[in-house]
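A, B, ... follow the sequence lines: proteins, then strands. Residue 1 opens every chain.
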Number of protein chains: 4
Amino acid sequence: MKKRQVQASVKDERLVKKRRDQMIKGAVTLFIQKGFHRTTTREIAKAAGFSIGTLYEYIRTKEDVLYLVCDSIYDQVRERLYEGLDTKKGTIESLKQGISDYFKVVDEMQDEVLVMYQEVKSLSKDALPYVLKKELEMVAMFEHVVTLCVENGELELSMEEVKMIAHNIFVQGQMWAFRRWTLQKMYSLEQYIQLQTDLLFQGIQGSAAAVEFQPDT
Amino acid sequence: MKKRQVQASVKDERLVKKRRDQMIKGAVTLFIQKGFHRTTTREIAKAAGFSIGTLYEYIRTKEDVLYLVCDSIYDQVRERLYEGLDTKKGTIESLKQGISDYFKVVDEMQDEVLVMYQEVKSLSKDALPYVLKKELEMVAMFEHVVTLCVENGELELSMEEVKMIAHNIFVQGQMWAFRRWTLQKMYSLEQYIQLQTDLLFQGIQGSAAAVEFQPDT
Amino acid sequence: MKKRQVQASVKDERLVKKRRDQMIKGAVTLFIQKGFHRTTTREIAKAAGFSIGTLYEYIRTKEDVLYLVCDSIYDQVRERLYEGLDTKKGTIESLKQGISDYFKVVDEMQDEVLVMYQEVKSLSKDALPYVLKKELEMVAMFEHVVTLCVENGELELSMEEVKMIAHNIFVQGQMWAFRRWTLQKMYSLEQYIQLQTDLLFQGIQGSAAAVEFQPDT
Amino acid sequence: MKKRQVQASVKDERLVKKRRDQMIKGAVTLFIQKGFHRTTTREIAKAAGFSIGTLYEYIRTKEDVLYLVCDSIYDQVRERLYEGLDTKKGTIESLKQGISDYFKVVDEMQDEVLVMYQEVKSLSKDALPYVLKKELEMVAMFEHVVTLCVENGELELSMEEVKMIAHNIFVQGQMWAFRRWTLQKMYSLEQYIQLQTDLLFQGIQGSAAAVEFQPDT
DNA sequence: AATGAATGAGGATTCATTCAT
DNA sequence: TATGAATGAATCCTCATTCAT
């Protein structure tokens, strides 16, 4: 599936890219503040630094802006995720590192993640698949890292389990953003990473309690 | 914190309750289909079976409807959660049962959960706390059950861990609804319950394989 | 073919009729002054004496107004035409009378005829047939009167000729309106009626010259 | 009255002529399809084969395009009319020939005639007279031919009658275009010419029936 | 209590025209 | 001369809310 094309009247590709970046930047700020529906196209144009007429030289409909914004945020998150994720090693340690990095990215991009998270549903049936595809790609990155660990014999997991784990990691990252109203009151980012990682690896029964039992070995 | 009062012009409390129930029922259906913003008050009135004028006898603003809807859904979920959750026993078994029941409730009320999930953010700063409060109450229910297990010596967990676990369980339930576009393609509800429960209790390293290997160490 | 229904949100049929009459009246005046395209919906609402919101309670789109206007004008012309046209007699005299009456109606409703004449083409492919149908009905009225004359032996004409004549009469009526910028400078209405009637009955060769040949009279 | 000047920024007269011809050609096609108001200047520029910027080097306003188009169409029709019309002979035969030729021109240029017919009214008060002048010139051509017949003693008509006849001929030509939705369903062009010519010359009473009666006189 | 007609602020989008390159 | 990006006034239409009946 290729990138969904948002039609622009302006031909100069470089300009289109530039203007759309302005646009996205302005729009994200607004969407964070008031959400997609409560943001007007005029506000977007203004925030982007050009007139309403110009805005419409680079998009067809307001929804295009939303698509562009979501698309862009996903790209950013994914890119940063990709940098951090060492997809070669296949060791427990590198997996832990990957999770930690991902959570940190989410933390830094909280606002963006939140927007994307809350507004994707406003995308038309037409645009949605393109965005969901990207989400799955990110999940697949975790899947890959975990799979490597399995292949290396560091973990023993079925394919179903691997997939489930990848989804869980992904959602727990987002969770840090969309439940920040409560989680970030209780935990620091480091604590959150530590706790989630421990729980993920040890499970409820394998945590502290299990440790205590281990002296016997 | 008491229930937020939505003002009605009509005095007869019984009637208010009745009309609001009609209203909520109609609105949920509409919100599921088109979301809050794309649903008009006229549509809500029609779906509820009365006129737009009458609608406004029972609410002050459109947002009131959203609040009422979210509130109602939370109440339903919570109530059903409460029925299932045996908050006395404090055994691993009853915790597993509780999780399973919760996931099943979410499965049955998928649409509602989704609406609530996606539209809460449209609530005003004014109404939001009341709804989030309810969410925390539900989390607290899991917290309580887990705590009992700890107190009974079935599990050994810190308070931070308990809280984290409760949030994880809660979110993993919702996840079944809001990620249904991918999860429900891969797993049946039973599988999902099984997998998540196993992972929760054993963690990645504690799953079947790891257990087998541990004797050797 | 039944009347094309223009949807109204308001149920009360009497009110719909009343408001639409106001609307049409205002719109005709505006269309006469500036044409359909240069008239805004707000102006129409204002001219009708109510708000833009109310306007849209009685129509779906701006084009509906145009349809309503054209429809109404046709109805008026047709009705007045029908009153005047003695469709029973079937004598040359009554035909002449009919033409004269028709031309007088056009003269009185010049502005309306002009509007209809110039704006029908702006109707959508959807609405156009309904309006053209009415035009044909009017032509058919003349056709009928002429046919009667033929049946009475007052005239001897083929069906093709009858149809052609009916169309000619109809267009010559309209012509008085749409070519008024020149015709009405040269002729009074009475002259116009006299000239057209004479030409119609006698033809070029049968006019003045023919008189000379009629020594018998 | 001289040709109304449409201002151009470009000086080179030859270029102006060339570009305007491109422009008119493109615009006519568009006006035929969607009418003047629904055609955008961008579309016109595109259809003409140059940019919007260039378009405005050769006109001042969108209305100028309409004027240019109407003017051009009139010129074409008039020119072709002029070729056909033998303005010297002054015989019934040459008049009939002229009418027939004119009707054929209209038939061939239907779309153009229609555009001109329907859109002239959109011209500003400023430009209108220039176009109407051309129309009168065409009418005058018929007037002239008929007058010659009168002078030659082939016809006996008053000046009023001559003018009326000229207008009738002119309108009956246009009629073939603007009432084509019905006329062209009923008649072939040849039939139409035949019928109209006969009616014009003989009148209702002078057709077949009258002929029969004439022996008696 | 119920109704639904009326309101008008507000929002998305278009398009003629300009002007710097 | 030619280009096409930028502009923003103008326009159609929607919809939450009110209020007289």
Query - E:dG11 OP1/OP2 closer than 4.0 Å to side-chain N/O of A:T41 - result: no

Query raised in the report: What is the distance from CG of C:D64 to P of F:dC12, rounded to the nearest Å?
Result: 13 Å

Query raised in the report: D:R19 near the nucleic acid: base, sugar-phosphate alone, or nothing, with a heavy-atom cut-off under 4.0 Å?
Result: sugar-phosphate

Report task. Give the ring-plane orientation class for B:Y117 versus A:Y117, where under 30° counts as parallel, over 60° as perpendicular and anything between as tilted. Result -> perpendicular

Query raised in the report: Does a side-chain N or O from C:R42 land closer than 4.0 Å to OP1 or OP2 of E:dG8, or not?
Result: no

**Report entry** Atom-to-atom span, CG of A:D12 to P of F:dA6 - whole angstrom
**Finding:** 9 Å

Requested in this report: Take A:G53 and C:L15, find for each the nucleotide of DNA chain E with the closest heavy atom, and name the residue whose nucleotide sits nearer the 5' end.
Outcome: C:L15

Query raised in the report: Whole Å only: how far is the NZ atom of D:K46 from the P atom of E:dA16?
Result: 15 Å

Report summary line: The Watson-Crick or G-U wobble partner of E:dA1, with both key distances under 3.5 Å, is none

Query - Given DNA chain F, 5'-ward residue of the pair D:V10 and B:T40, judged by closest heavy atom - result: D:V10

**Report entry** Among F:dG8, F:dA5, E:dA12, the one nearest A:K11 by side-chain distance
**Finding:** F:dA5

Requested in this report: Look only at the side chain of B:T39 and the backbone of B:G35, and say whether a donor-acceptor pair between them is shorter than 3.5 Å.
Outcome: yes

Query raised in the report: Counting only side-chain N and O atoms of D:T54, is one of them less than 4.0 Å from OP1 or OP2 of F:dT3?
Result: yes

Query - C:E57 side-chain proximity, nearest of E:dA6, F:dG8, F:dT3 - result: E:dA6

Query raised in the report: Are D:Y58 and F:dT1 close enough that a side-chain N or O sits under 4.0 Å from OP1 or OP2?
Result: no

Query raised in the report: Atom CD of B:E43 and atom P of F:dC15: how far apart are they, to the nearest Å?
Result: 8 Å

**Report entry** Base-pairing mate for E:dC15 - Watson-Crick or G-U, with both contacts under 3.5 Å
**Finding:** F:dG8

Report summary line: Assert: residue with more 5' nearest nucleotide on DNA chain F, out of C:R38 and B:R60, is C:R38

Query raised in the report: Counting distance only, does the side-chain N/O of A:R60 pair as donor-acceptor with the main-chain N or O of A:V6 below 3.5 Å?
Result: no

Query - Over 12 foreign heavy atoms within 6.0 Å of NZ, C:K34 - result: yes

Requested in this report: From the options D:I73, D:I44, D:D111, select the one residue that forms a side-chain contact (heavy atoms from CB on, under 4.5 Å) with D:F31.
Outcome: D:I44

Query raised in the report: So what does D:T61 touch, heavy atoms closer than 4.0 Å: a base, only the sugar-phosphate, or nothing?
Result: sugar-phosphate

Query raised in the report: So does C:Y56 get a side-chain nitrogen or oxygen closer than 4.0 Å to the phosphate oxygens (OP1/OP2) of F:dT14?
Result: no

Query raised in the report: What do the steps show when you test B:R4 against B:D64 for salt bridge (Lys or Arg N to Asp or Glu O under 4.0 Å), and what is the final call?
Result: CA-CA 10 Å; B:R4 188 179 112 104; B:D64 282 346; 3.2 Å; yes

Requested in this report: Find which nucleotide of DNA chain E each of D:E63 and A:K62 is nearest to by heavy atoms, and output the residue with the more 5' nucleotide.
Outcome: A:K62

Query - Whole-Å gap separating P (F:dA6) and CG (A:L55) - result: 11 Å

**Report entry** Integer-rounded Å distance: E:dA1 C1' and B:R14 CZ
**Finding:** 17 Å

Report summary line: Rounded to whole Å, CZ of A:R20 lies from C1' of F:dA5 at a distance of 15 Å

Query - Any D:S51 side-chain nitrogen or oxygen under 4.0 Å from OP1 or OP2 of F:dT3 - result: yes

Query raised in the report: Roughly, in whole Å, what's the span from CD1 in C:I52 to P in F:dT17?
Result: 21 Å

Query raised in the report: Using purine N1 to pyrimidine N3 plus N6-O4 or O6-N4 for Watson-Crick, or N1-O2 and O6-N3 for G-U wobble, each under 3.5 Å, what pairs with F:dT3?
Result: E:dA20

